[in-house]
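Values in this document were obtained by computation on a predicted structure and should not be read as measured data.
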Amino acid sequence: MATYSCETGSQLMRRCVAVPESLESAAPKAKDVSPKELVAFSAKLSVPRLLIVATLAAYAFSRPHSGDQEFDLASGLEAAMPLRGCRGEPVNFSWDVPEDAPKVVATVGNPVRLKFLAFDSHGRRAQATACNQLAVSIDVGGSAQLMQNTSNLKWGNGELILDINDRVAEDVEVSLRLESLEFEDDRLRTLFTRSIRYEAGAPDKFEMSVAPILGSGRTGSAWVTDAVLEVAVDAKDSFGNKVPGSDFRDKHVGLTVVGSSSIDVMGFGRLELDQNLRPRALVRGLQPGEGQLWLQQQQQQQQ
C-alpha cells in the first residue's frame with residue numbers, strides 16, 4: 001500500500017507524492033524538512049506514474065464527503081455534465097422563427113414547411129432518440145392538411161419537419177402539443193401554434209357582367225345608344241378561389257371590342273377598381289349595332 005501526503009514549501013508550488021509504506025518510516029517528517037531537502041528527497045523516489053494515478057483515483061472515490069456519509073458514485077455520475085459533443089434529453093422547444101415573427105404567407109397549392117426544434121438543458125439540439133419518445137399531436141385548422149402521416153413523424157437533429165398544404169384561400173392555425181410532457185415551470189410550454197395565410201393563386205378563369213350606370217337604359221334585349229354601361233370583371237384561380245381585383249388589374253389586362261366600331265370603350269379599356277375594389281371598365285354605344293367585349297391578357301384573348 002501507499003499513503004498520500006502533501007506539503008507546501010515557502011516558495012514552491014504544492015507537491016503531492018505517493019509514498020510506499022516501506023519508505024514512509026525512512027522519510028523525514030514534513031515538519032522537519034526544509035524546502036531544499038523536500039526537493040532532494042522527492043527526486044530520490046522512483047514511483048511509477050500509474051501507481052500515483054490509481055492511488056489518487058481510489059482516494060477520490062473512497063473518501064467520505066462529509067461526516068459519516070459515504071460518497072455515492074451513481075449520484076455523482078448522474079449529476080455530472082455530459083461529455084463535450086453529447087446531446088441530452090429535450091427540455092425546451094420552439095419554432096424555427098421568433099414568437100413575434102409575421103404570419104407565414106403562401107399561395108394555395110404550395111406547401112409550407114414548418115420546423116419545430118427541441119433543445120437540451122445546455123441549449124444544444126436534443127438527442128433524436130429521446131425526441132422520438134415524445135408523444136406529439138398536431139391539429140391543422142381550416143381546409144389545410146398535414147402532408148406527412150402523423151404516425152411516421154420522425155425527429156432528426158432535434159428537428160421535426162411539418163409540411164402544410166391548402167387549396168382554399170384562408171387563414172390557418174397549426175397547433176402542436178407535446179402530450180407526454182408536463183413542466184412545473186410556467187415558462188416551459190407544451191402547446192405551440194403557428195399561423196399561415198393562404199392567398200389565391202394566379203387568375204385562371206374570368207367572368208364579366210354588364211350593368212347600366214344610371215337607370216335601365218334598355219329596350220328589349222338591346223341597350224339604348226349613349227347609355228354608359230359598367231363592365232365588371234371577376235377572376236378565379238385554378239382551385240376556384242376568387243382572385244382580388246388588385247392582383248390582376250394592372251397586369252396588362254384590359255377590355256377590348258371585337259366585331260364593331262359602334263361601341264366605345266372609355267379610358268382605352270383600362271380596368272379601374274370601384275368602391276368595392278372590383279375591377280371595371282365603362283362602355284357606351286355610339287350608334288345602333290352589336291359587338292363582342294373581350295378581356296385581353298398578355299396578348300391572349302379570353303371571352
Side-chain angles (χ1 to χ4, degrees), residues 95 97 100-115 138-148 162-175 193-214 216-218 223 227-260 263-285 290-303:
W95 297 105
V97 296
D100 56 351
K103 183 180 300 184
V104 179
V105 180
T107 305
V108 292
N110 294 325
V112 172
R113 171 158 290 187
L114 304 179
K115 294 182 180 180
I138 300 170
D139 181 51
V140 182
S143 301
Q145 294 181 344
L146 177 66
M147 299 184 67
Q148 295 98 332
L162 306 176
D163 292 324
I164 313 296
N165 196 12
D166 199 348
R167 296 187 175 187
V168 178
E170 60 182 346
D171 289 344
V172 173
E173 186 172 81
V174 180
S175 301
T193 60
R194 283 293 305 275
S195 297
I196 306 175
R197 169 168 293 173
Y198 283 95
E199 297 182 344
D204 184 67
K205 297 178 180 180
F206 293 89
E207 296 178 353
M208 291 187 293
S209 60
V210 181
I213 293 294
L214 297 174
S216 64
R218 193 174 186 125
W223 301 99
V228 179
L229 306 179
E230 179 187 72
V231 182
V233 180
D234 295 308
K236 294 182 179 180
D237 64 14
S238 58
F239 298 106
N241 298 293
K242 184 176 181 179
V243 180
S246 56
D247 288 358
F248 66 88
R249 175 177 65 95
D250 294 327
K251 296 181 179 179
H252 307 290
V253 178
L255 200 66
T256 187
V257 178
V258 177
S260 176
I263 300 177
D264 176 32
V265 179
M266 305 170 66
F268 303 99
R270 177 181 171 83
L271 298 180
E272 301 289 348
L273 297 180
D274 62 13
Q275 58 183 0
N276 297 319
L277 301 181
R278 191 181 186 189
R280 69 169 187 174
L282 301 179
V283 302
R284 64 177 177 174
E290 63 179 27
Q292 293 181 338
L293 297 176
W294 288 71
L295 188 66
Q296 183 175 349
Q297 181 185 28
Q298 297 179 350
Q299 299 180 353
Q300 294 182 359
Q301 293 182 337
Q302 298 186 14
Q303 189 172 8

Just wondering, are more than 12 heavy atoms of other shown residues or ligands nearer than 6.0 Å to [atom1] in [X]?
| X | atom1 | value |
| --- | --- | --- |
| K103 | NZ | yes |
| M147 | CE | no |
| Q145 | CD | no |
| E272 | CD | yes |

Nearest heavy-atom neighbours spanning [X] and [Y]:
| X | Y | value |
| --- | --- | --- |
| W95 | T193 | NE1-O, 3.2 Å |
| P279 | G245 | CG-CA, 3.4 Å |
| A106 | V112 | CB-CG2, 3.3 Å |
| D237 | V243 | N-CG2, 3.6 Å |
| N165 | G109 | OD1-C, 3.5 Å |
| L271 | A281 | CD2-CB, 3.9 Å |

Q: Using the side chain to side chain contact (heavy atoms under 4.5 Å, CB included) rule, pick out the option among N241, I164, V104 that qualifies with Y198.
A: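 Only match with Y198 under side chain to side chain contact (heavy atoms under 4.5 Å, CB included): I164.
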Hey, are the side chains of [X] and [Y] touching, using non-hydrogen atoms and a 4.5 Å cut-off?
| X | Y | value |
| --- | --- | --- |
| V265 | T256 | no |
| V108 | D166 | no |
| M208 | L255 | yes |
| L282 | E230 | yes |

Roughly how far, to the nearest 0.5 Å, is [atom2] of [Y] from [atom1] of [X]?
| X | Y | atom1 | atom2 | answer |
| --- | --- | --- | --- | --- |
| I196 | E170 | CD1 | CD | 10.5 Å |
| Q148 | L162 | CD | CG | 6.0 Å |
| S143 | R167 | OG | CZ | 11.0 Å |
| R280 | D234 | CZ | CG | 13.5 Å |
| I263 | R284 | CD1 | CZ | 12.5 Å |

**Q.** Check: E290 main-chain N/O paired with S260 side-chain donor or acceptor under 3.5 Å
**A.**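 Between the backbone of E290 and the side chain of S260 there is a qualifying donor-acceptor contact (under 3.5 Å).
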Q. Under 3.5 Å, side chain of N276 to main-chain N/O of R278, donor-acceptor pair present?
A.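 Checked: no pair found.
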